[in-house]
Participant: 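Have a look at this one before I ask anything.
Side chains are part of it too, since the values below use all heavy atoms of this structure and drop only hydrogens, waters and symmetry mates.
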Amino acid sequence: MKAQLESIRSAALSAIAAAGTGTELEAVRVQYLGKKGELTAVLKQMGKLSPEERPIMGQMANEVRAALESAIESQGAVLAEKALADKLAAETLDVTIPGKQAEIGHKHPMYTALDGFKEIFINMGFEIIDGPEVEESDYNFTKLNTPDDHPAREWSDTFYLDEDSRILLRTQTSPMQIRAIEEHGVPIRMISPGRVYRKDEVDATHSPMFHQIEGLVVDKGITMADLKGTLNAVIREIYGAGTQTRFRPHHFPFTEPSCEVDIQCHKCGGKGCPTCKGEGWIEVLGAGMVHPKVLRNCGVDPDEYSGFAFGFGLERMAMGQFKISDLRLIFENDIRFLEQF
Ligand code: DAH
């Protein structure tokens, strides 16, 4: 039995030393010290020994167990330390490696123009409201006093979304005049920027989708003088203090009287050049006094209230402000173009 214990001790100690992981070490422990382990099996034979031999062998067996237990414990500590070191080595970061450059976009010049525009109107006490791009022809045309036979209602000009010509992609932001009064009542001072759609071929000055900014003021005693004063102030904020304007009679179904507003060409000072196509003036918006029928269509009494409305083309404004010569550049989103502004 002594020889058996000796051989268990040396075999177990070398197995413990050879264990390379916690799992292997545990397997060695079970193999020798477990319930069905080799040392346990020897101890079970103790009963067969003579009474003189029993304490000697018992003591030796305890020594072997203690030796194995302490060897397992210290090897366990060594392995845990090694595991930690391996993990740290595997997870090291080289903080000196150059980072990946994040591509940062660029604010679109049209939105720069729009933000400037909004700021001017907010400072004048206007609200900014959003409206639907999918619109009813009632709002886009009828309530805006547009006759049934108006050419803009043709299928060749407008994107309809149903067979009965009742739902369409709005052709102008003017339906927001009606929606704004219906929702907020009068008096009102608002602008409403957004996309509009027309069946136009793409070229340097046309796109089937573009942006307008609608404006509307309704209150008691609003006159053409308010329209001119407000628009002159806005135009001089955008195009410079000395900008000359010209209010030219025009026709829109929803305003009476109506006008188009031109600014004197900033390139040639009015003499005529390629920028103004030889005219000396550049058209910047349509405007007018809200038609009494439009007010009535919104439940507002035109004998009590009056107002003015206007519509800017946002692309045209941005193109003027940033000297962009081709409308297509605005929609292509080429970063080389956008980064110039
Ligand atoms: N909606 C017009 C258009 O698309 C522009 C316009 C003209 C808007 C006169 C107005 C206005 O509010 O009063 O051509």
Participant: Quick check: do M224 and C259 have side-chain heavy atoms less than 4.5 Å from each other?
Facilitator: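 Of all side-chain heavy-atom pairs linking C259 with M224, at least one is under 4.5 Å.
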
Participant: F126, M289: one ILVMFWY side-chain cluster at the under-4.5 Å cut-off?
Facilitator: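 Both belong to a single hydrophobic cluster.
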
Participant: Can you check side chain to side chain donor-acceptor pair (under 3.5 Å) on Q212 and Q172, steps first, answer last?
Facilitator: CA-CA 7 Å; Q212 289 186 334; Q172 51 186 354; 6.0 Å; no

Participant: Are there over 12 heavy-atom neighbours, none belonging to E81, within less than 6.0 Å of that residue's CD?
Facilitator: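 Not buried by this count: 12 neighbours or fewer within 6.0 Å.
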
Participant: Please give me the minimum heavy-atom distance between I128 and P193, naming the atom from each residue.
Facilitator: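 Looks like CG2-CD, 4.0 Å.
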
Participant: State, to 0.1 Å, how close A113 and L314 come at their nearest heavy-atom pair, and which atoms those are.
Facilitator: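 Smallest interatomic distance, heavy atoms only, reads CB-CD1, 4.4 Å.
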
Participant: Can you tell me if E26 has over 12 outside heavy atoms packed within less than 6.0 Å of its CD?
Facilitator: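 Count over threshold, so yes.
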
Participant: If only atom types and distance count, is the side chain of S137 paired as donor or acceptor with the main-chain N or O of N140 below 3.5 Å?
Facilitator: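 The answer is no, because no donor-acceptor pair under 3.5 Å joins these two groups.
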
Participant: Taking the basic N atoms (NZ, or NE/NH1/NH2) and the acidic carboxylate oxygens, is any pair closer than 4.0 Å for R246 and E260?
Facilitator: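 Judged by the 4.0 Å cut-off on N to carboxylate O distance, R246 and E260 do not form a salt bridge.
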
Participant: I'd like to know if E127 and R189 make a salt bridge, using a cut-off of under 4.0 Å between side-chain N and carboxylate O.
Facilitator: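 No salt bridge links E127 with R189.
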
Participant: Just do the side chain to side chain donor-acceptor pair (under 3.5 Å) check on D130 and S192 with the steps written out, would you?
Facilitator: CA-CA 6 Å; D130 253 346; S192 184; 5.6 Å; no

Participant: So, taking the atom named CD1 in I181 and the one named CE in M190, what distance separates them when rounded to the nearest 0.5 Å?
Facilitator: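 Between I181 CD1 and M190 CE, I get 8.0 Å after rounding to 0.5 Å.
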
Participant: I need the L13 CG to Q75 CD distance, nearest 0.5 Å.
Facilitator: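 Those atoms lie 11.0 Å apart.
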
Participant: Do side-chain atoms of K199 reach the backbone of W155 as a donor and acceptor pair under 3.5 angstrom?
Facilitator: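 It does hold such a pair.
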
Participant: Once rounded to the nearest 0.5 Å, what's the spacing between atom OG1 of T21 and atom CG of D86?
Facilitator: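 Going from OG1 on T21 over to CG on D86, the span is 11.5 Å.
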
Participant: Check whether E315 reaches the backbone of H211 with its side chain - one donor and one acceptor, N or O, closer than 3.5 Å.
Facilitator: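 Checking the backbone N and O of H211 against the side chain of E315, a donor-acceptor pair under 3.5 Å is found.
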
Participant: Could you report the tightest heavy-atom contact between P109 and F337, atom names first, then the distance?
Facilitator: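 So the minimum-distance heavy-atom pair works out to CG-CE2, 4.3 Å.
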
Participant: Verify the ring-centre separation between F310 and F121: is it less than 6.0 angstrom?
Facilitator: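 Between F310 and F121, which both carry aromatic rings, the centre distance is below 6.0 Å.
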
Participant: As a quick check of understanding, evaluate side-chain contact (heavy atoms from CB on, under 4.5 Å) for M60 and E6, giving each step before the final call.
Facilitator: CA-CA 9 Å; M60 187 172 171; E6 282 298 351; 3.3 Å; yes

Participant: Output yes when a side-chain donor or acceptor of D219 lies under 3.5 Å from a complementary backbone atom of I222, and no otherwise.
Facilitator: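 Answer holds: no.
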
Participant: Do E237 and V234 have side chains that get closer than 4.5 Å, going by heavy atoms?
Facilitator: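 E237 does not reach V234 side chain to side chain.
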
Participant: Hydrophobic clustering (ILVMFWY, side-chain heavy atoms < 4.5 Å, transitive) - are L161 and F141 grouped together?
Facilitator: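 Cluster IDs for F141 and L161 differ.
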
Participant: Are more than 12 heavy atoms, taken from residues, nucleotides or ligands other than Q340, located less than 6.0 Å from that residue's CD atom?
Facilitator: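 Atom CD in Q340 is packed in, count exceeds 12.
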
Participant: Is L329 close to D334 at the side-chain level, that is, under 4.5 Å between some pair of heavy atoms?
Facilitator: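 Answer no - side chains too far apart.
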
Participant: Could you check whether any side-chain heavy atom of F252 comes within less than 4.5 Å of a side-chain heavy atom of L144, counting everything from C-beta outward?
Facilitator: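 Counting from C-beta outward, F252 and L144 never come under 4.5 Å.
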
Participant: Between the side chains of K107 and E339, is the shortest nitrogen-to-carboxylate-oxygen separation below 4.0 Å, so that they form an ion pair?
Facilitator: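 No.
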
Participant: For the residue pair M1 and L49, establish whether any side-chain heavy-atom pair is separated by less than 4.5 Å.
Facilitator: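 When only atoms from C-beta onward are counted, L49 and M1 do touch, with a gap below 4.5 Å.
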
Participant: Just say parallel, tilted or perpendicular for the rings of H108 and Y111, cut-offs at 30° and 60°.
Facilitator: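 Because their plane-to-plane angle is over 60°, the rings of H108 and Y111 count as perpendicular.
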
Participant: Regarding E135 and R179, does a basic nitrogen lie under 4.0 Å from an acidic carboxylate oxygen?
Facilitator: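 Yes, this pair counts.
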
Participant: Going through the checks in order, is the side-chain contact (heavy atoms from CB on, under 4.5 Å) test met by T223 and F308?
Facilitator: CA-CA 8 Å; T223 70; F308 66 88; over 6 Å; no

Participant: For Y239, does its backbone N or O pair with a side-chain atom of T243 as donor and acceptor, under 3.5 Å?
Facilitator: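 Side chain of T243 to backbone of Y239, a donor-acceptor pair under 3.5 Å: yes, one is there.
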
Participant: More than 12 foreign heavy atoms under 6.0 Å from CZ of R248: is that the case here?
Facilitator: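 Result for CZ/R248: enclosed.
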
Participant: Do L33 and M57 share a hydrophobic cluster (ILVMFWY, side-chain heavy atoms under 4.5 Å, transitive)?
Facilitator: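 The answer is yes; both residues are in one hydrophobic cluster.
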
Participant: Tell me whether K271 at atom NZ has more than 12 heavy atoms from other residues, nucleotides or ligands lying less than 6.0 Å away.
Facilitator: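 Incorrect, the count does not exceed 12.
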
Participant: Say you draw a straight line from CG of L39 to CZ of R29; how long is it, rounded to the nearest 0.5 Å?
Facilitator: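 Here the rounded value is 12.5 Å.
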
Participant: With distance as the sole test, does T158 use its side chain to make a donor-acceptor pair with the main-chain N or O of A152 at under 3.5 Å?
Facilitator: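 Looks like yes, one N/O pair under 3.5 Å.
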
Participant: E24 and A18: which non-hydrogen atoms are nearest, and at how many Å?
Facilitator: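 Heavy atoms of E24 and A18 come nearest at OE1-O, 4.0 Å.
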
Participant: Run the numbers on R316 and E283 for salt bridge (Lys or Arg N to Asp or Glu O under 4.0 Å), then give the verdict.
Facilitator: CA-CA 9 Å; R316 177 182 298 198; E283 181 204 321; 3.5 Å; yes

Participant: Which heavy atom of I282 sits nearest a heavy atom of C276, and at what distance?
Facilitator: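 So the two residues come closest at CG1-CB, 3.9 Å.
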
Participant: Is the number of heavy atoms from other residues, nucleotides or ligands within 6.0 Å of NZ (K48) greater than 12?
Facilitator: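 Counting neighbours around NZ of K48, 12 or fewer heavy atoms of other residues, nucleotides or ligands fall under 6.0 Å, so no.
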
Participant: Looking at E214, E133, R195, which hits side chain to side chain donor-acceptor pair (under 3.5 Å) with T173?
Facilitator: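 Considering E214, E133, R195, a side chain to side chain donor-acceptor pair (under 3.5 Å) with T173 is found only for E214.
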
Participant: Any chance you could lay out the side chain to side chain donor-acceptor pair (under 3.5 Å) test for Y139 and E182, step after step, and finish with the verdict?
Facilitator: CA-CA 11 Å; Y139 283 84; E182 282 185 355; 2.7 Å; yes

Participant: Drop me the distance from S258's OG to H250's NE2, to the nearest 0.5 angstrom.
Facilitator: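 Answer rounded to 0.5 Å: 8.0 Å.
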
Participant: Judged by atom type as modelled, is there a donor-acceptor pair below 3.5 Å linking the side chain of T40 to the main-chain atoms of G34?
Facilitator: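 At least one qualifying donor-acceptor pair exists.
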
Participant: Find out whether F331 and M209 are in side-chain contact, i.e. whether some heavy atom of one side chain is under 4.5 Å from a heavy atom of the other.
Facilitator: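 When only atoms from C-beta onward are counted, M209 and F331 do touch, with a gap below 4.5 Å.
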
Participant: If you count every heavy atom of other residues, nucleotides or ligands that lies below 6.0 Å from R153 atom CZ, does the total exceed 12?
Facilitator: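 Check passes, neighbour count above 12.
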
Participant: Measuring from F210:CZ to T205:OG1, what's the distance to the nearest 0.5 Å?
Facilitator: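 That separation rounds to 11.0 Å.
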
Participant: Do I120 and V217 sit in one hydrophobic cluster, given that two such residues count as connected whenever their side-chain heavy atoms are within less than 4.5 Å of each other, even indirectly?
Facilitator: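 Linked, I120 and V217 end up in one cluster.
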
Participant: Identify whether L169 and M176 are in the same connected component of the hydrophobic contact network (ILVMFWY, side-chain heavy atoms under 4.5 Å).
Facilitator: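 No, separate clusters.
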
Participant: Any side-chain heavy-atom pair from L216 and Q177 closer than 4.5 angstrom?
Facilitator: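 Heavy-atom side-chain distance check passes, below 4.5 Å.
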
Participant: Apply side-chain contact (heavy atoms from CB on, under 4.5 Å) to residues F312 and I191 and explain how you reach the verdict.
Facilitator: CA-CA 10 Å; F312 277 87; I191 59 167; over 6 Å; no

Participant: Do side-chain atoms of R170 reach the backbone of E136 as a donor and acceptor pair under 3.5 angstrom?
Facilitator: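 Answer holds: no.
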
Participant: Between K2 and L5, is the side-chain contact (heavy atoms from CB on, under 4.5 Å) condition met? List the steps.
Facilitator: CA-CA 5 Å; K2 190 174 173 209; L5 285 172; 5.8 Å; no

Participant: Side chains of V300 and R296: closer than 4.5 Å at any heavy-atom pair?
Facilitator: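 No. Closest side-chain heavy atoms not under 4.5 Å.
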
Participant: Examine distances only and state if a side-chain atom of S74 and a backbone atom of S70 form a donor-acceptor pair shorter than 3.5 Å.
Facilitator: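 Yes, because the side chain of S74 sits within donor-acceptor range (under 3.5 Å) of the backbone of S70.
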
Participant: Can we say D200 and R198 salt-bridge, meaning some charged N sits less than 4.0 Å from an Asp/Glu carboxylate O?
Facilitator: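 No, D200 and R198 are not salt-bridged.
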
Participant: Within the side chain of N62, is there an N or O that forms a donor-acceptor pair under 3.5 Å with the backbone of Q59?
Facilitator: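 The answer is no, because no donor-acceptor pair under 3.5 Å joins these two groups.
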
